Visitor: 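I am attaching a structure below and will ask some questions about it afterwards.
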There are 2 protein chains.
Amino acid sequence: MTIHPLSADFAAFAFTAADFRGHIPQPASCFSAGAEIYAQGEKADCLYQVEFGAVRVYRLLADGRRQIAAFHMAGEVFGFETDGTHHFFAEAIGATGIRILRLPAAGDVSRALLPLALQSLVRAQEHLLVLGRQHAPERVAAFLLDMAERQGGDNRFDLPMSRMDIADYLGLTIETVSRVFTKLKEKGVIRLASLRCVEIVRWHALREMSE
Amino acid sequence: MTIHPLSADFAAFAFTAADFRGHIPQPASCFSAGAEIYAQGEKADCLYQVEFGAVRVYRLLADGRRQIAAFHMAGEVFGFETDGTHHFFAEAIGATGIRILRLPAAGDVSRALLPLALQSLVRAQEHLLVLGRQHAPERVAAFLLDMAERQGGDNRFDLPMSRMDIADYLGLTIETVSRVFTKLKEKGVIRLASLRCVEIVRWHALREMSE
DNA sequence: CGCATTCTTGATAGTAGTCAAAACCGGTGG
DNA sequence: CCACCGGTTTTGACTACTATCAAGAATGCG
């Protein structure tokens, strides 16, 4: 997995600031937990950058099944679409600051967006492997490693999202996610300081699990 | 699903031809069935456009499990990467013509690539829903509809890939794929003129299945 | 402190995977 | 033209993983 730390994303974007001709980035808007950022079917004419907090991007099936396609953390840019229409929903997970970027659909600035879009593409494609071919313990292990890396690689980090969100991201049920967490605790691979605060004790074991 | 016909992709690309400064697109290379186009870990310094035939882009786990992240058909451009390195393998499925596009990593031409990259992104994200939340019959139904649309929307079309490829794309086994095909035949939803030639009889039933 | 929500645990059921073998197809050569 | 052969596909019997349903425990917020 190629994970760029927050600073790298910011740098990538800052690099393109000169391309804005009079387009001053808006001050960040604040979204409270569960607030909708955009909905499927809406017109897509801008991009979004997370300042703080976290975002879930998802789709629903007719019977209510939900698949979270991506989580976006501080620094990341999301909201890319092909035909000017959003194909997904985006919601703030907790209290979240979002900088809205009004961009010309096709302009000089768009060339700087390619790397950001490609990062989303690679992330999505790697997640296909997880959903298509990995078992529950492998999925959870991959998820924890990904979260740890995206938050600086420390042993301890907070999960901004609920077990339900994790389940819907990993294509599992909350019960299965919970059982895997329990197994990982029993095996001494992780510790939970609180429900949302994970400490990775045995990195090697996690890496082996996720293959 | 937003599927652009072949001509649209070509048009999108042709639009950027002026951006090539002396970079004349190579004549198409020919790959035979199973030939490797690029491998995971290789340097990625060009893009690829399918002229005829079809391509599978996939990744392997240590124990041999394979996930096909995407199929690419005539007209489509693939090979996008983030850090100059291929994260996946690409192979010709049958005899396939590929036009190799040598592109500057960051240049004027890259802004025209954004729509193509975003198409791959949206396709991948929609496939996440299939792998994460749909059952076997829904996956196969979605796959057949996608293939039909990408080949012009006729009732009859050829599958360029084997059952094994379909299984590895849908996150299933060949046995399960085969059983679903049999069920669809029994219910009169599809007919198989030959193993690789599908005729969709009841579109509506397929659409309902795939939700 | 009490309540609502979220999370965990347990029992059972169902979908898809695994293993094994038979049928089928497509190409080759007699 | 037909028989043969190798690989692919289909079918069947059984297993296993995860979902579902149902309580119960813990968390955290007012």
Side-chain angles (χ1 to χ4, degrees), chain A residues 32-34 56 61 63-68 93-95 130-144 158-187 190-198 209 211, chain B residues 32-34 56 61 63-68 93-95 130-144 158-187 190-198 209 211:
Chain A
S32 56
R56 60 179 168 246
L61 289 174
D63 62 1
R65 283 175 287 177
R66 182 179 71 157
Q67 176 64 43
I68 294 180
I93 292 177
V130 174
L131 295 185
R133 287 298 178 214
Q134 302 211 159
H135 294 169
E138 301 172 314
R139 296 187 197 194
V140 173
F143 169 75
L144 290 174
D158 282 303
L159 296 175
M161 69 291 286
S162 68
R163 298 288 188 271
M164 175 74 85
D165 286 332
I166 297 171
D168 284 347
Y169 178 64
L170 297 178
L172 300 170
T173 60
I174 51 176
E175 292 95 331
T176 298
V177 170
S178 179
R179 280 184 246 270
V180 174
F181 269 79
T182 301
K183 272 276 177 346
L184 291 174
K185 279 191 294 185
E186 286 172 359
K187 289 198 270 183
I190 62 172
R191 261 196 294 255
L192 294 187
S194 76
L195 282 175
R196 300 285 186 92
C197 181
V198 180
M209 287 183 69
E211 291 214 352
Chain B
S32 56
R56 58 180 169 246
L61 289 173
D63 62 1
R65 281 175 287 177
R66 182 179 71 158
Q67 177 65 42
I68 294 180
I93 293 177
V130 173
L131 295 185
R133 287 297 177 214
Q134 303 210 161
H135 293 169
E138 300 172 314
R139 297 187 197 194
V140 173
F143 170 74
L144 290 174
D158 282 303
L159 296 173
M161 68 291 285
S162 68
R163 298 288 187 273
M164 175 74 85
D165 286 332
I166 298 171
D168 284 348
Y169 178 64
L170 297 178
L172 300 170
T173 60
I174 52 175
E175 292 94 330
T176 298
V177 171
S178 180
R179 280 185 247 269
V180 174
F181 268 80
T182 300
K183 273 277 179 339
L184 291 174
K185 279 191 294 185
E186 286 171 0
K187 289 199 269 181
I190 62 170
R191 261 196 294 254
L192 295 187
S194 75
L195 281 175
R196 299 286 184 91
C197 182
V198 180
M209 287 183 69
E211 290 213 352

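Every heavy atom of this structure was used, including side-chain atoms; hydrogens, water molecules and symmetry mates were not. Here the structure is a predicted model, which means the values were calculated and not measured.
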Visitor: What is the distance from CG of Leu184(A) to C1' of dT8(C), rounded to the nearest Å?
Guide: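 Nearest whole value for this atom pair: 15 Å.
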
Visitor: Could you tell me the separation between the CG atom of Asp63(B) and the C1' atom of dT18(C), rounded to a whole number of Å?
Guide: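 Distance, rounded to whole Å: 14 Å.
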
Visitor: Checking Arg56(A) now: which residues fulfil side-chain hydrogen bond (donor to acceptor under 3.5 Å, both in side chains) with it, not counting sequence neighbours?
Guide: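 Per chain and number, Arg56(A) pairs via side-chain hydrogen bond (donor to acceptor under 3.5 Å, both in side chains) with Glu91(A), Asp165(A).
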
Visitor: Which residues satisfy the side-chain hydrogen bond (donor to acceptor under 3.5 Å, both in side chains) test with Glu138(A), sequence neighbours excluded?
Guide: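 For Glu138(A), the residues satisfying side-chain hydrogen bond (donor to acceptor under 3.5 Å, both in side chains) (neighbours in sequence not counted) are Arg65(B).
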
Visitor: Do Arg66(A) and Tyr169(A) form a cation-pi contact, if we require the NZ or CZ to be under 6.0 Å from the six-membered ring centre and within 45 degrees of the ring's axis?
Guide: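 Because its charged atom misses either the 6.0 Å distance or the 45° angle limit, Arg66(A) does not stack over Tyr169(A).
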
Visitor: Base contacts versus sugar-phosphate-only contacts with protein, heavy atoms under 4.0 Å: please encode nucleotides 10-20 of chain D as B, S and - from 5' to 3'.
Guide: BBBB----SSB

Visitor: Evaluate the criterion side-chain contact (heavy atoms from CB on, under 4.5 Å) for residue pair Leu131(B) and Gln67(B); output intermediate values, then yes/no.
Guide: CA-CA 11 Å; Leu131(B) 295 185; Gln67(B) 177 65 42; 3.7 Å; yes

Visitor: Under 3.5 Å, is there a donor-acceptor pair between the side chain of Thr182(A) and the main chain of Ser178(A)?
Guide: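 Here the side-chain-to-backbone pair exists.
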
Visitor: If you look at every strand shown and take non-hydrogen atoms under 4.0 Å, does Arg196(B) touch a base, only sugar-phosphate, or nothing?
Guide: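 Sugar-phosphate, backbone atoms only, no base.
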
Visitor: Expressed in angstrom and rounded to an integer, what is the separation of Asp168(A) atom CG from dT6(C) atom C1'?
Guide: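 Whole-Å distance recorded here is 14 Å.
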
Visitor: Could you tell me how far apart Leu159(B) (CG) and dT8(D) (P) are, to the nearest whole angstrom?
Guide: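 So the CG-P distance, Leu159(B) to dT8(D), works out to 16 Å.
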
Visitor: Tell me if a side-chain donor or acceptor on Arg139(A) pairs with a main-chain N or O of Leu170(A) at a distance below 3.5 Å.
Guide: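 Such a contact is found between Arg139(A) side chain and Leu170(A) backbone.
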
